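In what follows, a single structure is set out as structure tokens and then discussed.
The model shown is predicted, which means the values in this text are computed figures rather than measured ones. Scope of the values below: all heavy atoms of this structure, side chains included, with no hydrogens, waters or symmetry mates. Counting convention: from 1, in listed order, for ligands and their atoms alike.
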Amino acid sequence: MSREFRLTAPAIRVAPSVLSADFARLAEQIAAVETAGATMLHLDVMDGHFVPNISFGVPVIKSLRKYTKCFLDAHLMIAEPKRYAEAFVNAGCDHITFHIEVIQEPRPVIEHIRSLGVSVGVSLNPSTPVSAITNFLDHVDLVLVMSVWPGFGGQSFIPDVLNKVKELHTRLGPHQRLQIDGGIDDKTIGLAAAAGADTFVAGTAVFGAPDPPQAMQRLHQLAIQAHKRSPENG
Ligand code: DX5
Ligand code: ZN
């Protein structure tokens with residue numbers, strides 16, 4: 001299936017996290033959210049080393065790619081993102097986010113991922129400060145602020161990370177995305193949007209809801225409303 005969407009548009013979006021879907025009905029569940037307007041799917045890849053859990057990898061993504069035109073956003077919670085990035089791009093990912101906590105020299109990793117023809121993101125665990133990424137911030141397309149400890153869906157949002165979202169919002173350019181991931185639901189999405197996040201990962205709040213398409217649309221509306229209310233948007 002051909003791909004239709006880019007990282008930069010639409011400007012505000014909810015990316016359903018496949019981690020919370022029913023893996024036996026993946027194609028069906030993805031089709032439902034895509035028909036309802038999803039343009040990005042978030043793919044949580046876990047290796048049991050960087051995080052204490054194992055999720056899914058290349059073969060699942062390769063199969064999924066055949067059933068969706070959505071922008072495939074890979075969140076690599078793995079110890080060696082540079083080693084595996086090419087396999088994920090070959091499987092059909094449109095974007096690769098790596099964690100700064102596992103990387104000593106980010107520039108070669110960024111250049112490598114970019115050379116594969118996809119956009120690049122860097123992610124910060126809840127305790128990792130913005131200062132860990134400031135000297136190469138201009139070189140990434142997306143910053144992912146984790147609002148839970150990576151490894152599992154269904155955890156509670158950590159409000160302290162909003163300070164990092166606010167700081168990053170002032171530092172990032174209009175071509176760069178500010179993504180938040182973990183515990184995003186009807187109560188927290190507005191806080192994240194008002195702080196400046198523009199891309200909202202939601203797993204449980206979408207696929208754990210009785211009506212996932214409706215839940216996703218409601219989250220999207222709440223994010224848009226909170227953005228409009230944020231001070232800098234008048
Ligand atoms: C956690 C993952 C998240 C997860 C979010 O390690 O990075 O993307 O799917 O799940 P919820 O929305 O349930 O917190
Ligand atoms: Zn994620």
* Asked: Judged by modelled atom types alone, do Q176 and D138 share a side-chain donor-acceptor pair under 3.5 Å?
  -> no

* Before accepting this row, confirm whether a basic side-chain N of the pair R65/D94 lies closer than 4.0 Å to the acidic partner's carboxylate O. => yes

* Structure fact -> Note: ND1(H75)-the Zn ion (ligand 2)-OD1(D44) angle, rounded to 10 degrees, equals 90°

* Tell me which N, O or S atom of D181 sits nearest to the Zn ion (ligand 2). => OD2

* Is there a donor in the side chain of T97 and an acceptor in the side chain of H75, or the other way round, less than 3.5 Å apart? -> no

* Structure fact -> Between D141 and the options R114, H175, R177, the side-chain hydrogen bond (donor to acceptor under 3.5 Å, both in side chains) test singles out R114

* Any idea which N/O/S atom from H42 gets closest to the Zn ion (ligand 2)? -> NE2

* **Amino acids in close contact with ligand 1, where any non-hydrogen atom sits under 4.0 angstrom away** => S17, L19, H42, D44, M46, H75, M77, M146, P150, G151, F152, G153, G154, D181, G182, G183, V201, A202, G203, T204

* Asked: Could you state the interatomic distance from OH (Y67) to CD (E28), rounded to the nearest 0.5 Å?
  -> 12.0 Å

* Asked: Judged by atom type as modelled, is there a donor-acceptor pair below 3.5 Å linking the side chain of D47 to the main-chain atoms of H49?
  -> yes

* Asked: How about D185 and T188: does a side-chain donor come under 3.5 Å of a side-chain acceptor?
  -> yes

